[in-house]
There are 2 protein chains.
Amino acid sequence: MNRTGSRSSGRPTLTEVALQAGVSPITASRALRGVASVAPELVTRVQEAAARLGYVTNPAARALASAQGHSVVVLVPSLSNHLFIEPLEAIHEVLRPRGLEVLIGNYHYDPVEEEKLIRNYLAYQPRGLLLTGFDRTDAARQLLAASGVPRVHMMELDPAGSVPSVGFSQHAAGAAAARHLLAAGRKCLGYVAAQLDPRALARGEGFREVLRAAGCYDPSLDVLDPQPSSVGLGARQFRKLLARRPEVDGLFFCNDDLAQGALFEAQRLGIAIPQRISVLGFNDLPGSAHTVPRLTSIQTPRAAVGRQAATLLLGLLDGRSQPTCVDLGFELVSRESV
Amino acid sequence: MNRTGSRSSGRPTLTEVALQAGVSPITASRALRGVASVAPELVTRVQEAAARLGYVTNPAARALASAQGHSVVVLVPSLSNHLFIEPLEAIHEVLRPRGLEVLIGNYHYDPVEEEKLIRNYLAYQPRGLLLTGFDRTDAARQLLAASGVPRVHMMELDPAGSVPSVGFSQHAAGAAAARHLLAAGRKCLGYVAAQLDPRALARGEGFREVLRAAGCYDPSLDVLDPQPSSVGLGARQFRKLLARRPEVDGLFFCNDDLAQGALFEAQRLGIAIPQRISVLGFNDLPGSAHTVPRLTSIQTPRAAVGRQAATLLLGLLDGRSQPTCVDLGFELVSRESV
DNA sequence: CTGAAAGCGCTTACAG
DNA sequence: CTGAAAGCGCTTACAG
């Protein structure tokens, strides 16, 4: 048989399972895949044979024969800031039970790296794609369109509404932040952002718009730093901003780690939060509920985004659902720092 | 040609590249893979043809034909506690340039889930495996041994020294923690651990051993909680322990997030750190350098573990290196909390 | 240094 | 409901 040549993998094949079960390989294949048309008795016979031999489908052979991978590719801009871990876990939970492998690509906030990942992963003929936001190279856009692979975008809402997306309005979140600070009686407000991805920028837009409408927008109070977000950076930016503009009385941080750093630094500087300055975070990261003072933040539906995006993709694959735009909203969690 | 049938993937194939370049598919294959024996002129011709057509190798076909995947599987117990992100990134950096795909499996600290992942991923015929620690089911052990796939274990050192491993001695780290606290003049010491994976347990052993030798080990001062590690849990455990044993004067936490929680809670309780209680963390997570007071912690070589493990695996694949045990050590970072 | 033949382990039409 | 034939797109020996 085939097993003689050194090219065989050594693992049991479908043909061997079929032999044991006394059926043809095609029937064995159908039985294992749960194709309806197989006699129940044969199904159990095949399943037993497979179990006995410890048979596991060779994914390469399956993908080659069916011209379809059994994977869904998820592309995220980062793994290190914890933000994308929760969607990732939720995606796994939805997709794994359906027999779909989840391939994770991290492009480190670099559109060129994302384009490479898209090119590479498309070779795997994935069933679907889960992407972050809408900001990518033209080449990447073309690759995606040409591939025809169903996809859902996460974290941002499609402005046009034509591409399936699951997330919330970053702009509205920024606006809500400004309104909350204004409602707390603060007047001299700044936005402190790092990384400066499209979402942080959109929140800044929303924030500014409200301030402008309230007649208290001061561009010199904004701090936009392209460096990765971190506790240390938050502390540094807080100190610098305060030295420069001691009259500031409210700060919106684009991520909780920055805000936590500001809280630490304020304590070192002897600046009372929120008495002298209100501090508002974003994302409500683990730990923010326990800082001193407890951080007021905007909770984002990260796990829900992953879950819904995966579910929507599944619907698209089955032809059950239409491309839609799912707005999951956000929630301001009021604690002690504003 | 083949392209007529609906079974084709629609993407350009090696054969088409070969046609364009005026060579046989085999030569095209060799040229693209960088097999030495191809005439330089043909190599460039093939590469140009491939570029022109936008050819990307079909990984399924390649894996099937070569009875070898081009992936390395990395299995980690968690993604959410940030600990395993750095090794993962480092592994990517080493393996991707070599054309190896990195498949990530997260088993959520569940050996049964790890066993399933091993079974599944082995079907991909990975070139190598990167595993976390040595604690797994017997079935998993057998699968690994039977597969013959080269592997390197991370984070712990192989006690026997026969299996390749890269990490540091968890036991020694625990002992170092105890010595540091003792050297600071503390006598009433406890170990606060969560998750209770084998590594946290090993650190506890090392910690206890030193205390015992110093004649001040008190088992009732240890807090071992199987829940996931978090800032909130650290705060809770700190408060409870303090209510129960107000005389405690030094605490070693199995992870920095717990220690950070304790710092917050101490502040709320008005307990001076380190004057009344020394707090020692573990892992030196981002943020720990900025807490109030700044957290003294034990820095672990997480990125280096990933980098070295991947490098060692590469050596194993090339037959360049022998299985060895690489001890990367750890470093106590003295700040303000002890 | 290059190539014709065969095969990797599945699944897709096509029959019956 | 079941199966024989062909094919997915590569690479492995084997020649020359």
Side-chain angles (χ1 to χ4, degrees), chain A residues 1-19 21-46 50 53-70 99 122-125 127, chain B residues 1-19 21-46 50 53-70 99 122-125 127:
Chain A
M1 299 279 135
N2 303 337
R3 318 253 355 244
T4 4
S6 59
R7 302 191 54 182
S8 114
S9 63
R11 302 189 306 109
T13 68
L14 227 210
T15 307
E16 300 177 74
V17 173
L19 228 58
V23 299
S24 72
I26 314 93
T27 300
S29 168
R30 286 198 271 249
L32 258 18
R33 275 180 297 149
V35 174
S37 70
V38 183
E41 194 219 318
L42 292 189
V43 173
T44 53
R45 238 159 68 197
V46 170
L53 292 170
Y55 172 78
V56 182
T57 306
N58 181 326
R62 176 163 57 165
L64 184 57
S66 62
Q68 272 248 49
H70 293 253
L122 244 21
Y124 285 84
Q125 304 181 126
R127 288 289 250 279
Chain B
M1 300 280 134
N2 303 337
R3 317 248 1 238
T4 5
S6 59
R7 302 192 54 185
S8 115
S9 64
R11 301 188 305 110
T13 68
L14 227 209
T15 307
E16 298 177 76
V17 172
L19 228 58
V23 298
S24 72
I26 314 92
T27 300
S29 168
R30 286 199 272 250
L32 258 18
R33 275 179 297 149
V35 173
S37 69
V38 183
E41 193 218 320
L42 292 189
V43 172
T44 53
R45 238 158 69 198
V46 170
L53 292 171
Y55 171 77
V56 182
T57 306
N58 181 325
R62 175 163 58 166
L64 184 57
S66 62
Q68 272 249 48
H70 292 255
L122 244 21
Y124 285 82
Q125 305 180 127
R127 289 289 250 280

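The model shown is predicted, which means the values in this text are computed figures rather than measured ones. Letters go in sequence order (proteins before strands), and every chain restarts at 1.
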Please give the nucleotide sitting opposite C:dC14 as a Watson-Crick or G-U wobble pair, both distances under 3.5 Å, or none. D:dG3
Rounded distance in Å - [atom1] ([X]) to [atom2] ([N]):
X       : N      : atom1 : atom2 : result
A:His70 : C:dC10 : NE2   : P     : 12 Å
B:Leu42 : C:dC1  : CG    : P     : 10 Å
A:Asn58 : D:dT11 : CG    : C1'   : 15 Å
A:Leu14 : D:dC8  : CG    : P     : 19 Å
B:Glu16 : D:dG9  : CD    : C1'   : 11 Å
B:Arg11 : D:dG9  : CZ    : P     : 9 Å
B:Leu64 : D:dC8  : CG    : C1'   : 9 Å
B:Gln68 : C:dG9  : CD    : P     : 13 Å

Out of curiosity, [X] [atom1] to [Y] [atom2], how far, rounded to the nearest 0.5 Å?
X       : Y       : atom1 : atom2 : value
B:Arg11 : B:Thr57 : CZ    : OG1   : 9.0 Å
B:Leu14 : B:Asn58 : CG    : CG    : 10.0 Å
A:Thr15 : A:Leu19 : OG1   : CG    : 8.0 Å
B:Leu32 : B:Thr27 : CG    : OG1   : 11.5 Å

Polar side-chain contact B:Arg30-C:dG3 base: donor and acceptor under 3.5 Å: yes
If you check the [X] side chain, which of [options] turns out closest?
X       : options               : answer
B:Ser37 : C:dT2, D:dT12, D:dC10 : C:dT2
B:Ala65 : C:dG3, D:dC10, D:dG3  : D:dC10
B:Ala39 : C:dT2, D:dA13, D:dA4  : C:dT2
B:Ile26 : D:dA5, D:dG9, D:dT12  : D:dT12
B:Arg62 : C:dG9, C:dT2, D:dT11  : D:dT11

Presence of [X] side-chain N/O under 4.0 Å of [N] phosphate oxygens OP1/OP2:
X        : N      : answer
B:Ser24  : C:dG3  : yes
B:Thr27  : C:dG3  : yes
B:Ser66  : D:dT11 : no
A:Tyr124 : D:dG9  : no

Evaluation steps, side chain to side chain donor-acceptor pair (under 3.5 Å), between A:Arg62 and A:Ser66: CA-CA 6 Å; A:Arg62 176 163 57 165; A:Ser66 62; over 6 Å; no
